[in-house]
2 protein chains.
Amino acid sequence: MVTQSEENYLKAIYHLVKQGSSVVSTNAIAKKIHTKASSVTDMLKKLADKELVDYKKYQGVCLTKKGKIIAANVIRKHRLWEVFLVEKLKFSWDEVHDIAEQLEHIKSEKLINEIDAFLEFPSHDPHGDPIPDRHGNIVKNNSVNLLEIKIGDEGVLAHVKDSSDIFLKYLNKNNLALGYKIKVIDIEPFDSSIKIEVKAKQIVISKNVAKNLFINI
Amino acid sequence: MVTQSEENYLKAIYHLVKQGSSVVSTNAIAKKIHTKASSVTDMLKKLADKELVDYKKYQGVCLTKKGKIIAANVIRKHRLWEVFLVEKLKFSWDEVHDIAEQLEHIKSEKLINEIDAFLEFPSHDPHGDPIPDRHGNIVKNNSVNLLEIKIGDEGVLAHVKDSSDIFLKYLNKNNLALGYKIKVIDIEPFDSSIKIEVKAKQIVISKNVAKNLFINI
DNA sequence: ATAGTTTTTTAGTCTTCCCTAAAAAAATAT
DNA sequence: ATATTTTTTTAGGGAAGACTAAAAAACTAT
Ligand SMILES: [Mn+2]
Ligand SMILES: [Mn+2]
Ligand SMILES: [Mn+2]
Ligand SMILES: [Mn+2]
């Protein structure tokens, strides 16, 4: 049996590996799940005993095949529940993350597969993140970050990296939603802020915002 | 904050009070949630500190107003999730209890109220148990037990007391489902077994089965 | 009323998951 | 290369929630 806490650690490691190096540091995990490095070390030993992570003292950690499957399954549940909340219960995309953090730990294969079918097998969650299939396979997003494109380029907003309600509320306020066409009008060299056009209106977004937006060209 | 374990104790006390005396014994709780009496005593002290139960040593325990509201809310969630699983995800009534045991602990007022609306405010769960409203109010079932009626009486199966999958599978096998009309054909004085007619077929059910079936006359 | 039985509580432990403080190892700077 | 800083691990401990065994209280039966 994998506990809720273990699932959270596996998920954190999965996400950290995905967006960085092949091995994850104790401190990075501690920061990610708001705990202390010593707690992380404790847990890594336990996960290593269960052969869910490869861990050698001072060397960082990564998931085993078994650990990766469990993590992907938790992420699958998280994202499917988010779709359910938005599509069926009329939640807004900035309200779903915390509830999904709870629902992702419900244990029932049948339940999550029925939810999947009920939602007609969605490919992405409300934030544009791909949903792993029941074997843990996940499609790669080939959307590009707004910081990496040049003036005149345009595309459709496909993915937001930060799913915090504060960031999503900012997007709501500025009329930015998945599926909207975005055109880069100007890039300010001084602070990398970007002027974009969305729905016939022009707005300026900071580098910090742009870094979290991804479009399909 | 009320923990998952505390919620389970409150729910157990709620159910035991409902079907018996005004005060519940340590042993009864222990049996109900498959734990030991000493664990129950520990927990009762904690719940008393939080003013969720009235507890005096050796005197049994009952819920305070606060405790009753929390318990009713957990039961509300349990039953609404059961309806969701059966009505929306095509689960059978014998598959939902264990999953609802997990889902009943998800914390989000909005979530459960949206589920309620999504299901169009059901009054009863798949086993005929009434669903408390958001304030903890619950309608009384006025269905009568099959053991309490006489030959020739008839009514509609409205409620099953035992929700275990083994009992529900027995009912499936014998073509007994909520809403079906039942007529008492004969009562055997020796063992209180009852011959009933359902859907134009006659079957004999034991006293043990009859004790768990309730009909609206 | 007293002895025996059952129920309940207490005392002491265990596991999980978290923490702080100190020690050890690794990385960085001079 | 050595000193300093940062990261990681170890040591020790706390709260929650379970357990066993023993003591205490409450019932039951004669
Ligand atoms: Mn999320
Ligand atoms: Mn998401
Ligand atoms: Mn149930
Ligand atoms: Mn039920």
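This is a predicted model, so every value here is computed, not measured. Order of the sequence lines sets the chain letters (A, B, ...), proteins ahead of strands, with each chain counted from 1.
A search for ring pair (Phe, Tyr, Trp, His ring centres under 6.0 Å) contacts involving B:His127 returns nothing, not counting sequence neighbours. Residues passing the ring pair (Phe, Tyr, Trp, His ring centres under 6.0 Å) test with A:Phe84, sequence neighbours excluded: A:Trp81, B:Phe84. Residues satisfying the salt bridge (Lys or Arg N to Asp or Glu O under 4.0 Å) test with B:Lys110, not counting sequence neighbours, are A:Glu95. Applying the ring pair (Phe, Tyr, Trp, His ring centres under 6.0 Å) test to A:His159 and every residue at least two apart in sequence or in another chain returns A:Phe214. By the salt bridge (Lys or Arg N to Asp or Glu O under 4.0 Å) test, B:Lys107 pairs with B:Glu7, sequence neighbours left out. Take B:Asp133 and apply the salt bridge (Lys or Arg N to Asp or Glu O under 4.0 Å) test, not counting sequence neighbours, and it matches no residue.
Comparing B:Lys56 and A:Ser39 by the nucleotide of DNA chain C whose heavy atom lies nearest to each, the residue mapping closer to the 5' end is B:Lys56.
For the pair B:Thr35 and D:dC19, the criterion of a side-chain N or O lying under 4.0 Å from OP1 or OP2 is met. Applying the 4.0 Å criterion to OP1 and OP2 of C:dT20, one finds that A:Lys36 has a side-chain N or O inside that range. Dashed line: the shortest gap from a side-chain N or O of A:Lys45 to OP1 or OP2 of D:dT10 is under 4.0 Å. A:Lys57 has no side-chain polar atom (N or O) that falls below the 4.0 Å cut-off from OP1 or OP2 of C:dA26.
Rounded to an integer number of Å, the gap from B:Gln59 CD to D:dC27 P is 8 Å. In this structure, CG of A:Asp42 is placed 13 Å from C1' of C:dT15, rounded to the nearest angstrom. Atom CG of A:Leu44 and atom C1' of D:dT10 are 14 Å apart (whole Å).
Listed by first and then second residue, the side-chain hydrogen bond (donor to acceptor under 3.5 Å, both in side chains) pairs that reach into residues 111-125 of chain A are A:Arg76-A:Asn113, A:Arg76-A:Asp116, sequence neighbours excluded. Among residue pairs with one or both ends in residues 10-22 of chain B, those qualifying as salt bridge (charged side-chain N to carboxylate O under 4.0 Å, His left out) are B:Lys11-B:Glu101, B:Lys11-B:Glu104; sequence neighbours excluded.
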Below 3.5 Å between N/O atoms, which protein atoms pair up with nucleotides 22-25 of chain D? Just atom names and distances, please.
residue : atom : partner : partner atom : Å
D:dA25  : O4'  : B:Tyr58 : OH           : 3.4

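Side-chain atoms of A:Thr41 and base atoms of D:dT10 include no donor and acceptor less than 3.5 Å apart. The base of D:dT20 is paired with the side chain of B:Ser38 by a donor and an acceptor separated by under 3.5 Å.
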Anything under 3.5 Å between a donor and an acceptor, one on a side chain of residues 20-39 of chain A, the other on a protein residue two or more places apart or in another chain? List them.
residue : atom : partner : partner atom : Å
A:Ser21 : OG   : A:Val23 : O            : 2.8
A:Ser25 : OG   : A:Ala28 : N            : 3.0

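Using a 4.0 Å cut-off on heavy atoms, none of the residues of residues 21-34 of chain A approach DNA chain C. Of the residues in residues 4-20 of chain B, those with a non-hydrogen atom less than 4.0 angstrom from any atom of DNA chain D are B:Ser5, B:Tyr9.
B:Val53 is not listed as a side-chain neighbour of B:Tyr9, based on a closest heavy-atom distance of 4.5 Å or more. B:Leu63 is not listed as a side-chain neighbour of B:Ile70, based on a closest heavy-atom distance of 4.5 Å or more.
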